**Q** 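Encoded as structure tokens, here's the structure I'll be asking about.
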Protein chains: 4
Amino acid sequence: MTEPPSARRGRPRSEAARRKVLEAARELLAERGLAGLTMEGIAARARVGKPTIYRQWPNAQAVAMDAFLEAEDGAPHVSGHAPALSALRRQLHGIAAVFSSPAGRSTAAMIAAAQNDSELAKVFRNRFILRGRETGRALLRQAMSEGAVRPDADLEVALDLIYAPLFFRLLIGHGPLDRGFTDALLDMALVGVRAER
Amino acid sequence: MTEPPSARRGRPRSEAARRKVLEAARELLAERGLAGLTMEGIAARARVGKPTIYRQWPNAQAVAMDAFLEAEDGAPHVSGHAPALSALRRQLHGIAAVFSSPAGRSTAAMIAAAQNDSELAKVFRNRFILRGRETGRALLRQAMSEGAVRPDADLEVALDLIYAPLFFRLLIGHGPLDRGFTDALLDMALVGVRAER
Amino acid sequence: MTEPPSARRGRPRSEAARRKVLEAARELLAERGLAGLTMEGIAARARVGKPTIYRQWPNAQAVAMDAFLEAEDGAPHVSGHAPALSALRRQLHGIAAVFSSPAGRSTAAMIAAAQNDSELAKVFRNRFILRGRETGRALLRQAMSEGAVRPDADLEVALDLIYAPLFFRLLIGHGPLDRGFTDALLDMALVGVRAER
Amino acid sequence: MTEPPSARRGRPRSEAARRKVLEAARELLAERGLAGLTMEGIAARARVGKPTIYRQWPNAQAVAMDAFLEAEDGAPHVSGHAPALSALRRQLHGIAAVFSSPAGRSTAAMIAAAQNDSELAKVFRNRFILRGRETGRALLRQAMSEGAVRPDADLEVALDLIYAPLFFRLLIGHGPLDRGFTDALLDMALVGVRAER
DNA sequence: CGGTAAACGAGACGGTACGTCGTGTCTTTGA
DNA sequence: TCAAAGACACGACGTACCGTCTCGTTTACCG
């Protein structure tokens with residue numbers, strides 16, 4: 001049983017409050033960025049007391065992370081019955097598009113936030129990165145069974161090879177994050193850099 | 001002439017103060033991390049007035065960036081007359097080693113700091129990332145002329161393919177950053193993921 | 001009604017904090033004088049946050065004024081059933097004694113502070129000067145009814161004639177502020193400077 | 001001998017700088033009051049280096065005092081061959097007029113400044129108060145010889161009786177400082193408060 | 001008349017205090 | 001009995017001045 005023995009007494013926690021907080025956090029993140037996000041600001045915007053927020057999140061970045069992940073969960077995921085490599089390419093195009101949009105800044109901000117807080121890092125890794133890698137891993141495995149990927153390839157390394165450059169350009173901003181780059185990246189990951197023998 | 005005609009007037013800035021500030025920043029960064037780095041802390045540790053710091057840097061993260069880059073400039077660089085691919089492998093091993101050490105946390109912290117400050121991002125990109133890429137680009141070019149790399153390879157994409165996964169693992173921490181990974185990564189980047197025809 | 005319908009919400013202001021602040025201010029005033037009184041010093045001594053002080057007072061001099069006035073309110077006041085002129089003389093002796101003691105420096109400091117801040121000036125005038133004048137005015141009125149003071153005398157002018165020289169000597173320090181001066185002053189105020197006809 | 005044997009060597013102090021500083025101080029005093037007067041502000045306004053000011057004055061209030069006294073010395077003094085009491089009355093009218101003008105605020109500010117600095121107090125007393133009292137004392141002495149003032153009157157007390165109320169009203173602001181008050185004050189000081197026998 | 005010592009302007013220095021903001025905790029009233 | 005409001009102790013922020021210290025540049029005197 002998860003129910004407390006005496007039912008729960010007093011005023012129950014407001015689900016509405018949780019929603020208001022996350023909504024306010026999303027707005028403030030969009031308006032002022034992660035650095036401009038404060039507990040006071042969230043409380044004021046959400047018309048909620050600060051202790052109500054502290055009861056559920058330890059700090060403003062944790063609220064931001066929740067808001068980010070909740071928005072992310074609602075995003076559409078690739079699926080279908082196309083050849084795996086086509087699906088993979090489409091997925092990469094999607095990621096590049098998101099990373100080039102304002103949402104990309106949020107992703108970068110979350111990665112940045114995770115550098116100072118191991119708990120946040122764990123949550124971000126599990127609910128954002130690993131979830132995405134699972135999709136990618138499934139696609140690669142399917143491509144392998146279709147004979148399009150070498151059967152001895154180490155998928156974990158392959159996943160880094162394919163996805164990391166997108167994150168790298170997002171975070172460093174040293175080059176474009178467009179279709180051209182994405183295609184060139186995938187092609188090169190497939191055939192390798194080495195000269196033909 | 002863009003030179004001011006009468007040179008600069010007034011008491012010149014103290015090089016000693018600059019050194020004390022950066023030294024203090026380095027110590028505090030090592031002790032407490034970027035989040036625990038404050039202008040007041042730096043000033044107190046360096047025995048320097050706060051305005052002296054603000055005269056040269058706009059905020060604590062900018063001090064940290066300067067301290068980081070100055071330390072980085074002193075680091076040894078790869079060189080030698082070995083075959084280019086061997087040199088590249090050695091360089092990647094070195095990067096992986098640094099990223100696995102406490103210095104790696106600093107690098108991650110700088111990338112995080114750059115996400116909130118475009119000026120910082122520019123400095124970091126130019127003085128850290130691009131400098132490293134230049135080395136890598138030279139190696140790849142040499143490998144190309146040695147016939148070890150396909151002559152039509154897009155070096156910019158190849159650089160991302162090879163370096164990005166190291167940064168990705170540093171920032172996300174989803175897998176090891178050891179010799180095994182580095183070797184597997186370079187090998188896969190060279191031969192590609194695609195199944196043999 | 002100008003009353004808010006739901007009284008005031010939130011945590012009420014702490015009376016303990018107010019007391020601690022005024023007590024600390026009094027100590028620091030005694031130790032270092034008005035010029036050495038700072039908001040930071042008060043906050044540290046009172047173990048109170050600076051915003052707690054700023055919530056109630058706009059600056060250190062306002063705190064000092066409150067501390068001064070609160071101490072003053074506790075001081076004994078002249079009273080009794082003696083002839084009014086005797087009571088007046090006793091009151092003047094008391095003032096001269098206070099002005100010659102360290103408390104006199106505080107009074108002078110408050111007058112000085114009031115010169116730069118009209119709000120402070122108003123409070124000081126109403127709660128210190130006018131209160132004292134009321135006592136004096138009552139005494140003079142009583143003396144008038146006793147036939148000891150001319151019935152057509154302008155009491156406001158008479159009050160200045162009698163009290164101002166004490167303040168003047170306090171502030172300028174050009175002469176003693178003792179019983180001899182006080183008596184001579186009152187006598188001369190009573191009989192006037194003019195030669196007999 | 002305390003005199004240096006070879007007179008003073010090097011570049012002599014600039015009289016122009018002294019004038020510029022005092023002029024700037026006067027302007028800033030008029031614009032922003034004593035509280036808003038800073039060494040930096042004076043230096044900037046006078047186009048003079050800060051050390052040039054510190055070489056001649058210990059702090060901003062000392063500059064202000066010098067500026068005030070220098071302006072005061074230039075003011076016209078009462079004189080003439082009228083009956084002493086008429087001259088005295090005219091002098092009091094003049095003081096009341098000055099005290100009611102912006103220049104009065106400066107006088108009040110100087111008295112305030114003198115409360116925190118005994119050196120300043122001494123200078124102000126000697127060069128402003130005592131000088132004025134000398135004039136008053138001379139007038140009273142003359143009135144005495146004319147038979148208009150009692151020959152046994154203590155002039156020091158009489159001076160306080162007559163002048164102090166003007167300063168008092170200047171500093172406290174509890175009543176008007178006009179001709180009416182001045183006349184009533186002098187009349188009452190002459191005939192006294194006491195009822196006729 | 002050429003050195004030289006001191007004052008000059010400018011402005012950076014190590015500091016202190018300012019007044020504000022945000023933190024995370026607490027204590028009220030109101031629902 | 002929990003939520004909102006908001007005060008609390010704390011501490012960092014970035015700024016303004018303080019009074020002192022170099023700088024390179026005049027400027028008058030003295031040898």
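Values below: all heavy atoms of this structure, side chains included; hydrogens, waters and symmetry mates excluded. Throughout, protein chains are lettered first and strands after them, A, B, ... in sequence-line order, and every chain is numbered starting at 1. For clarity, every value in this text was computed on a predicted model and none was experimentally measured.
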**Q** Give a yes or no on whether the backbone of B:L171 and the side-chain of A:Q115 come within a donor-acceptor separation of less than 3.5 Å.
**A**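 Pair found, side chain donor or acceptor close to backbone of B:L171.
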**Q** If I take atom CH2 in residue D:W57 and atom C1' in nucleotide F:dC17, what distance separates them, rounded to the nearest angstrom?
**A**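 Taking CH2 of D:W57 and C1' of F:dC17, I get 19 Å after rounding.
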**Q** Rounded to whole angstrom units, what separation is found between the CD atom of B:Q61 and the P atom of F:dG14?
**A**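 Going from B:Q61 (CD) to F:dG14 (P), I get 10 Å.
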**Q** Does A:R47 place a side-chain N or O at less than 4.0 Å from the phosphate oxygens OP1/OP2 of F:dA3?
**A**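 It does not, given that no N or O in the side chain of A:R47 lies less than 4.0 Å from OP1 or OP2 of F:dA3.
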**Q** Which nucleotide, F:dC17, E:dG24, E:dA12, lies nearest any side-chain atom of B:R13?
**A**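 The closest nucleotide is E:dA12.
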**Q** Closest to the B:Y54 side chain: E:dT23, F:dA7, F:dC13?
**A**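 Taking heavy atoms from C-beta onward, the closest nucleotide is F:dC13.
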**Q** Mapping C:V48 and D:N59 onto DNA chain F by nearest heavy atom, which one lands closer to the 5' end?
**A**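 The 5'-side residue here is C:V48.
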**Q** Looking at CG of A:L37 and CG of A:L28, how far apart are the two atoms once the value is rounded to the nearest 0.5 Å?
**A**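 Between A:L37 CG and A:L28 CG, I get 6.0 Å after rounding to 0.5 Å.
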**Q** Map C:G36 and D:I53 onto DNA chain E by nearest heavy atom, then report which one ends up closer to the 5' terminus.
**A**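 Mapping each residue to its closest nucleotide by heavy atoms, the 5'-most match is D:I53.
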**Q** Please identify which of these residues, B:R18, B:R19, B:R127, meets the side-chain hydrogen bond (donor to acceptor under 3.5 Å, both in side chains) condition with B:E70.
**A**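 The option that passes is B:R18.
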**Q** Compare every heavy atom of D:A67 with every heavy atom of D:L22, then report the nearest pair and how far apart it is.
**A**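 Heavy atoms of D:L22 and D:A67 come nearest at CD2-N, 3.7 Å.
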**Q** Under the 3.5 angstrom rule, does the side chain of A:Q56 hit a backbone N or O of A:T52 as a donor-acceptor pair?
**A**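 It does not hold such a pair.
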**Q** Ignoring hydrogens and geometry, is there a side-chain-to-backbone donor-acceptor pair from D:S118 to D:A121 under 3.5 Å?
**A**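 Answer holds: no.
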**Q** Could you check which of F:dC17, E:dG22, F:dG14 has an atom nearest any side-chain atom of A:T38?
**A**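 Among F:dC17, E:dG22, F:dG14, the one nearest the side chain of A:T38 is E:dG22.
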**Q** Please give, in whole Å, the distance from E:dG11 C1' to B:R55 CZ?
**A**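 To the nearest whole Å, that distance equals 8 Å.
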**Q** Please write out each protein N/O paired with an N/O of nucleotides 21-23 of chain F under 3.5 Å, distance rounded to 0.1 Å.
**A**
residue, atom, partner, partner atom, Å
F:dC21, O2, B:R11, NH1, 2.8

**Q** Send over the distance from A:R45 CZ to F:dA4 C1', rounded to a whole Å.
**A**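 So the two atoms are 18 Å apart, to the nearest Å.
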**Q** Whole angstroms only, please: what is the CD-C1' distance between D:Q56 and E:dA6?
**A**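 So the two atoms are 14 Å apart, to the nearest Å.
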**Q** Rounded to the nearest Å, what distance is computed from the CD atom of residue A:E40 to the C1' atom of nucleotide F:dC8?
**A**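 It is 12 Å, rounded to the nearest whole Å.
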**Q** Roughly how many Å is it from CD in D:E15 to C1' in F:dT27, rounded to a whole number?
**A**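 It works out to 16 Å between those atoms.
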**Q** OP1 or OP2 of E:dG9 less than 4.0 angstrom from a side-chain nitrogen or oxygen of D:T52, does that happen here?
**A**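 Indeed, a polar side-chain atom of D:T52 lies that close.
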**Q** Return the set of residues passing side chain to side chain donor-acceptor pair (under 3.5 Å) with A:E31 (not counting sequence neighbours), or none when no residue passes.
**A**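 Checked A:E31 against side chain to side chain donor-acceptor pair (under 3.5 Å); matches are A:R45.
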**Q** Return the value, rounded to whole Å, for the distance between atom CE of B:M39 and atom C1' of E:dG15.
**A**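 Whole-Å distance recorded here is 16 Å.
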